[in-house]
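Here the structure is laid out as structure tokens; the discussion comes afterwards.
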Amino acid sequence: MARNITPKEEDYSQWYLDVIKVAELADYAPVRGCMVIRPWGYAIWESIQSQLDARFKETGHVNAYFPLLIPASFLEKEAEHVEGFSPECAVVTHAGGEELEEPFVIRPTSETVIGYMYSRWVQSWRDLPVLINQWCNVMRWEKRPRLFLRTSEFLWQEGHTAHATKEEAIDETLKMLEVYRSFMEEVLALPVVTGEKSEGERFPGALNTYTCEAMMSDKRALQVGTSHFLGQNFSKAFDISFQNRDGNMDYAWTTSWGTSTRLIGAVIMTHSDDDGLVLPPRLAPVKAVLVPISTDERKLEDMLLPKARELANRLEAVLGPRSVIVDSQFHLRPGDRFFYHLQRGIPLRLELGEREWDRCALRAVRRDTAQKEEIPWDAVDSAVPRILEEMQRALYERALAFREANTYHAGSFDEFKELLEEKGGFIKAYFAGGVAEEKAIKEATTATVRCLPLNDNSKGRCFYTKKDGGRLAIFAKAY
RNA sequence: CGGGGCGUAGCGCAGUCUGGUUUAGCGCACCUGCUUUGGGAGCAGGGGGUCGAAGGUUCAAAUCCUUUCGCCCCGACCA
């Protein structure tokens with residue numbers, strides 16, 4: 001049992017911060033609300049980046065880079081957009097030792113500059129669709145920062161597409177939501193509910209926002225990815241117009257979609273335990289660590305270490321370059337070395353001591369369950385990937401079972417309040433209210449509409465307004 | 001931005017109320033040596049802080065006063 005981590009049960013927030021600290025994922029920066037992503041944390045982000053990026057490329061998108069600074073006037077061109085974002089914008093007023101004529105906003109998101117550029121690039125229906133993504137940082141001056149979940153500056157990816165027709169843009173919006181869902185479930189082992197955002201939770205300027213919502217291990221909800229159907233709002237504001245096949249002028253239909261370093265927070269809060277970080281194997285930058293153990297220094301150097309390196313090389317041929325490390329911190333005792341890797345969430349520890357040596361084997365210990373298994377040397381190539389995949393699946397199944405076990409249905413507001421107070425978690429209920437009702441529910445309970453799940457078109461009597469024809473909604477307390 | 005808590009060594013804290021008795025102390029971590037070594041070792045020796053910052057009161061301030069910065073928790077705002 002780790003002794004430098006506050007147990008989850010004792011103080012969840014502190015546990016979360018402790019895990020980040022002992023796993024060396026991030027640290028506080030000198031500027032309030034900003035964080036330094038340390039090498040191990042950044043390696044996780046790179047893993048997310050490369051795997052998501054591949055999926056974007058597979059769906060026809062290309063990467064580009066748009067500037068950090070946006071003319072302040074751009075934000076104002078879309079009414080809802082400026083209202084939504086101006087409170088959290090950082091503004092540059094001086095540069096080159098002089099006050100600027102027009103201040104620049106540090107991008108909180110890039111719909112506006114990208115809209116401006118698209119209007120110059122798009123003339124004809126033949127120029128569409130435009131399918132561009134960018135990996136970058138954005139800044140939103142948050143009142144209450146939390147490492148990874150809500151920092152003033154964060155890293156993300158924002159896809160921006162423009163299409164000739166409404167249908168195509170809607171298809172794109174849903175397609176990317178699906179890319180997120182599959183990535184989160186397959187790589188992050190993060191079960192998510194996909195759905196539509198309610199009116200009150202919609203992206204400022206969007207006609208419709210779709211979301212991936214996940215349940216953290218304290219039963220609170222976290223929005224881990226969003227995809228927006230922007231209609232023609234931005235194309236009208238920035239004049240992304242084109243001549244269609246019939247020769248008539250038309251405004252493009254645009255979408256945007258994003259996910260961020262918040263995903264790292266989601267992974268921590270979904271899988272980790274009181275011993276520290278737990279990483280799903282497909283996400284983990286390092287999937288296994290070989291730990292030679294002996295009291296005899298010569299055996300370590302002459303037999304165990306070379307063997308460990310040989311096995312690591314063989315494993316890397318199967319698992320990928322730099323995915324296996326050999327621990328040679330021989331100045332530490334085995335327990336210390338175990339804990340070091342345990343806290344950093346490396347999925348599999350492969351011990352090679354004299355006992356294993358004599359049997360031509362390794363002792364594998366799974367990070368999530370501490371389950372032990374002996375693997376003969378000549379079976380590592382098949383056994384290790386097998387165990388990793390078992391662990392990957394187990395993490396997903398466990399998280400899914402947790403979510404299912406903490407999802408309830410409420411038929412009335414009284415029942416809703418009771419469930420929320422006594423059980424927490426996700427509460428499904430038919431809802432027919434609007435922004436005003438959402439707000440009232442939030443004020444009374446602090447719970448919000450997380451989404452209106454897709455693939456459920458059932459209608460029912462609204463738990464709050466008692467009106468018929470309510471759509472199924474998921475409510476929860478959220479981060 | 002409102003309410004609450006807190007800034008003393010890398011981390012966690014004691015000392016602050018009742019200024020001087022501390023050349024500011026303890027645990028963990030760190031360094032050196034020896035013994036150890038399969039889920040966080042033991043002994044011995046050692047290094048490190050001027051008490052968040054600025055100003056003030058006083059013969060004397062970590063301790064009192066003022067201002068300021070930052071962090072954490074709870075709310076309103078959000079990926």
Side-chain angles (χ1 to χ4, degrees), chain A residues 1-6 11-14 16-18 21-22 24 27-35 83-89 107-109 136-158 180 197 200-204 209 211-214 221-228 256-266 275-276 291-297 299-300 304 329-343 349-357 362-363 365 367 370 372 374 439 442-443 446 448 477-479:
Chain A
M1 184 58 68
R3 54 189 188 199
N4 51 357
I5 298 178
T6 306
D11 183 343
Y12 195 85
S13 306
Q14 195 53 52
Y16 175 75
L17 294 169
D18 287 347
K21 188 175 173 184
V22 303
E24 299 179 347
D27 205 347
Y28 293 102
V31 175
R32 179 192 152 76
C34 293
M35 67 172 168
E83 195 185 323
F85 280 107
S86 55
E88 49 190 76
C89 280
R107 64 179 161 221
T109 178
C136 65
N137 57 344
V138 285
M139 181 159 272
R140 298 179 186 179
W141 215 255
E142 300 293 349
K143 309 280 185 204
R144 210 178 143 189
R146 257 162 102 48
L147 292 179
F148 289 114
L149 300 180
R150 196 181 302 99
T151 45
S152 294
E153 181 189 6
F154 59 94
L155 303 183
W156 79 343
Q157 131 305 289
E158 48 179 327
Y180 286 146
K197 278 293 186 190
E201 298 278 329
R202 207 171 278 158
F203 176 79
T209 288
T211 176
C212 294
E213 296 286 327
L222 184 71
Q223 177 177 312
V224 282
T226 49
S227 187
H228 314 292
S256 68
W257 26 274
T259 192
S260 70
T261 37
R262 171 179 275 191
L263 284 173
I264 297 174
D275 284 334
V291 189
I293 303 161
S294 174
T295 54
D296 185 331
E297 224 167 290
K299 282 185 180 165
L300 271 176
L304 301 172
Q329 305 175 84
F330 299 140
H331 60 285
L332 299 177
R333 282 159 308 102
D336 294 310
R337 295 158 70 197
F338 294 170
F339 266 84
Y340 176 78
H341 302 293
L342 202 63
Q343 295 194 320
R349 181 173 79 236
L350 300 168
E351 301 173 11
L352 177 59
E354 291 177 51
R355 291 207 292 261
E356 287 77 25
W357 177 271
L362 291 174
R363 186 189 197 220
V365 186
R367 173 60 182 87
K372 295 162 183 72
E374 187 168 287
K439 211 173 166 189
K442 186 178 180 182
E443 268 166 30
T446 77
T448 49
K477 296 188 182 187
Y479 275 100

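Just so it is clear: chains get the letters A, B, ... in the order the sequence lines come, proteins before strands, and each one is counted from 1.
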[atom1] spacing across the pair [N] / [M], given as an integer number of angstrom:
| N | M | atom1 | answer |
| --- | --- | --- | --- |
| B:rG40 | B:rG27 | C1' | 16 Å |
| B:rC13 | B:rU8 | C1' | 9 Å |
| B:rC78 | B:rC6 | C1' | 26 Å |
| B:rU68 | B:rU21 | P | 32 Å |
| B:rG47 | B:rC1 | C1' | 45 Å |
| B:rG25 | B:rG48 | C1' | 14 Å |
| B:rC51 | B:rA62 | C1' | 4 Å |
| B:rU57 | B:rC65 | C1' | 7 Å |

Subject >> A:I293 or A:H228, whichever maps to the more 5' nucleotide of RNA chain B >> reply: A:I293

Original post:
More 5' along RNA chain B: A:L222 or A:S294, using each one's nearest nucleotide?
Top reply: A:S294

**OP:** Searching all strands shown, indicate the nucleotide that pairs with B:rC28 (Watson-Crick or G-U wobble; both distances under 3.5 Å).
**Re:** B:rG10

Original post:
Mind checking who B:rG38 pairs with, Watson-Crick or G-U wobble, both distances under 3.5 Å?
Top reply: none

Subject >> Candidate nucleotides B:rC77, B:rA79, B:rG39, ranked by approach to the side chain of A:T151 - the nearest >> reply: B:rA79

Check: [N] base within 3.5 Å donor-acceptor of [X] side chain:
| X | N | value |
| --- | --- | --- |
| A:E356 | B:rG38 | yes |
| A:E443 | B:rG75 | no |
| A:R150 | B:rC78 | yes |

Looking for any heavy atom pair under 4.0 Å, which part of the strands does [X] touch: base, sugar-phosphate only, or nothing?
| X | result |
| --- | --- |
| A:G353 | base |
| A:P334 | base |
| A:K442 | sugar-phosphate |
| A:Q223 | sugar-phosphate |
| A:E142 | base |

Please identify each residue that fulfils salt bridge (Lys or Arg N to Asp or Glu O under 4.0 Å) with [X], with sequence neighbours left out.
| X | answer |
| --- | --- |
| A:E24 | A:R344 |
| A:R150 | none |
| A:R202 | none |

Subject >> ring centroid sep under 5.5 Å plus plane angle under 30, A:F338 with B:rG39 >> reply: no

**OP:** Could you say whether the aromatic ring of A:W156 and the base of B:rA79 stack, counting only centre distances under 5.5 Å and plane angles under 30°?
**Re:**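 Here the ring of A:W156 and the base of B:rA79 are not stacked, as the 5.5 Å and 30° limits are not both satisfied.
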
With the criterion being N/O to N/O and under 3.5 Å, what pairs connect the protein with nucleotides 70-74 of chain B, and how long is each?
unit_1: B:rC71; atom_1: OP2; unit_2: A:R32; atom_2: NH1; d: 3.1
unit_1: B:rC72; atom_1: OP1; unit_2: A:Y28; atom_2: OH; d: 2.8
unit_1: B:rC73; atom_1: OP1; unit_2: A:R146; atom_2: NH1; d: 3.3
unit_1: B:rC74; atom_1: OP2; unit_2: A:R144; atom_2: NH2; d: 2.1

**OP:** Under the side-chain hydrogen bond (donor to acceptor under 3.5 Å, both in side chains) rule, collect the residues that match up with A:T151, sequence neighbours excluded.
**Re:** none

Original post:
Can you name the residues that form a side-chain hydrogen bond (donor to acceptor under 3.5 Å, both in side chains) with A:T261, not counting sequence neighbours?
Top reply: none

Original post:
Is there a donor-acceptor pair under 3.5 Å between the side chain of A:E88 and the backbone N or O of A:F85?
Top reply: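 Not confirmed, A:E88 side chain does not pair with A:F85 backbone.
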
